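One structure is given below, encoded as C-alpha cells.
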Amino acid sequence: MRHGDAPPPADPARRSGSGHHDMPVEAPPPSSAPVPGRGAGALREEAEELREAVALRESAALREEIEGLRRALASRPLLDMARGIVMAAGRCTPEEAWQILVETSQHTNIKLRHVAEAVVEGVGGPPPPEAVRSAMRAALARMRGNAPGR
C-alpha cells in the first residue's frame, strides 16, 4: 500500500484491540441463545406473553383516551354556552370569559364542565352555588384589575 492510499475495508469478523493488528474476535452469542435450564420454546412463549401484556396495556390507554375525547366533545356545547353567558354578563371577550370559567373551576375545585352546567342552569333556574358565584366575581375582578394583589 502506498502512502496516501486508503486501507482495504476491514473484515467484520476481525477486530483490532489496539488498532495495530487485525485479530479474530469471537462473535457474541446470539440474543436468542437459550438460557441454561430453559428451552428456546419457553423463551419464545415468554416473549409472546410480554407482547400481549404490552398490547393490552396500550389498548387500555387508548380506550381511556377515546373516552376522554368523547367526554370533551359532549361537554363542548355546554362550555360554549357558559362562555357566552359569562361574556354577556361580564361584558368580556371570549378569551376572558374562558379564563373566568377556568379560574372559577380551579378556585372552587369543581370540574370545569360542572361549573359550566351551573352557569347554564342558572339562566332559567336556580343560581349557581355561592362558591361558584363568589369565585366568578373574584375572577372577573382580577381580570379587570380590581382585585387586591394585582
Side-chain angles (χ1 to χ4, degrees), residues 1-87 90 92-123 125-126 128-140 142-143 147 149-150:
M1 177 166 71
R2 290 179 290 170
H3 183 67
D5 286 349
D11 182 359
R14 300 176 61 84
R15 300 268 181 222
S16 171
S18 65
H20 297 297
H21 304 300
D22 283 336
M23 298 177 61
V25 175
E26 221 176 291
S31 61
S32 62
V35 175
R38 294 176 67 189
L43 289 175
R44 279 193 286 283
E45 216 174 277
E46 187 176 326
E48 182 59 31
E49 288 173 6
L50 286 171
R51 279 192 291 276
E52 287 175 10
V54 168
L56 282 173
R57 190 172 294 157
E58 288 174 351
S59 68
L62 286 173
R63 280 193 301 274
E64 286 179 32
E65 184 177 354
I66 289 168
E67 186 55 37
L69 291 169
R70 285 182 177 147
R71 278 193 305 272
L73 280 173
S75 63
R76 185 64 192 208
L78 178 70
L79 294 170
D80 287 341
M81 284 189 282
R83 183 189 290 199
I85 292 166
V86 172
M87 287 169 54
C92 55
T93 67
E95 294 78 21
E96 291 168 335
W98 180 254
Q99 189 59 40
I100 289 168
L101 290 167
V102 168
E103 282 185 35
T104 300
S105 172
Q106 291 171 345
H107 286 40
T108 59
N109 201 25
I110 298 173
K111 290 187 177 193
L112 184 59
R113 71 176 175 271
H114 296 304
V115 170
E117 282 174 3
V119 169
V120 171
E121 289 173 0
V123 171
E130 178 53 37
V132 171
R133 292 193 318 263
S134 176
M136 289 183 81
R137 282 192 298 271
L140 184 60
R142 278 190 296 278
M143 182 198 64
R150 235 191 159 200

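These figures come from a predicted structure and were not determined experimentally.
- Using modelled atom types, one side-chain atom of T104 and one backbone atom of I100 make a donor-acceptor pair closer than 3.5 Å.
- Here the CE-CG distance, from M136 to L140, works out to 8.5 Å after rounding to the nearest 0.5 Å.
- Using modelled atom types, one side-chain atom of S59 and one backbone atom of L56 make a donor-acceptor pair closer than 3.5 Å.
- Minimum interatomic distance between A131 and T108 (heavy atoms only, all atoms of both residues): O-CG2, 3.5 Å.
- The structure places CD of Q99 at 9.0 Å from CZ of R142, a figure rounded to the nearest 0.5 Å.
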As a quick check of understanding, evaluate side chain to side chain contact (heavy atoms under 4.5 Å, CB included) for I66 and R63, giving each step before the final call.
CA-CA 5 Å; I66 289 168; R63 280 193 301 274; 5.6 Å; no

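- Atom CZ of residue R76 and atom CE of residue M81 lie 12.0 Å apart, to the nearest 0.5 angstrom.
- Nearest heavy-atom pair, P129 versus A118, reported as atom, atom and distance to 0.1 Å: CD-CB, 4.0 Å.
- Closest of all the heavy-atom pairs between M87 and P94 is SD-CA, 3.6 Å.
- Considering CZ of R83 and CD of E95, their distance stands at 7.0 Å, rounded to 0.5 Å.
- Take R137 and apply the salt bridge (charged side-chain N to carboxylate O under 4.0 Å, His left out) test, not counting sequence neighbours, and it matches E130.
- Put simply, CE on M143 and OG1 on T93 are 7.0 Å apart, with the number rounded to the nearest 0.5 Å.
- Across V132, V119, L79, a single residue satisfies side chain to side chain contact (heavy atoms under 4.5 Å, CB included) together with L101, and that is V119.
- With values rounded to the nearest 0.5 angstrom, H114 atom NE2 is found 6.0 Å from E117 atom CD.
- The salt bridge (charged side-chain N to carboxylate O under 4.0 Å, His left out) search around R70 returns none, not counting sequence neighbours.
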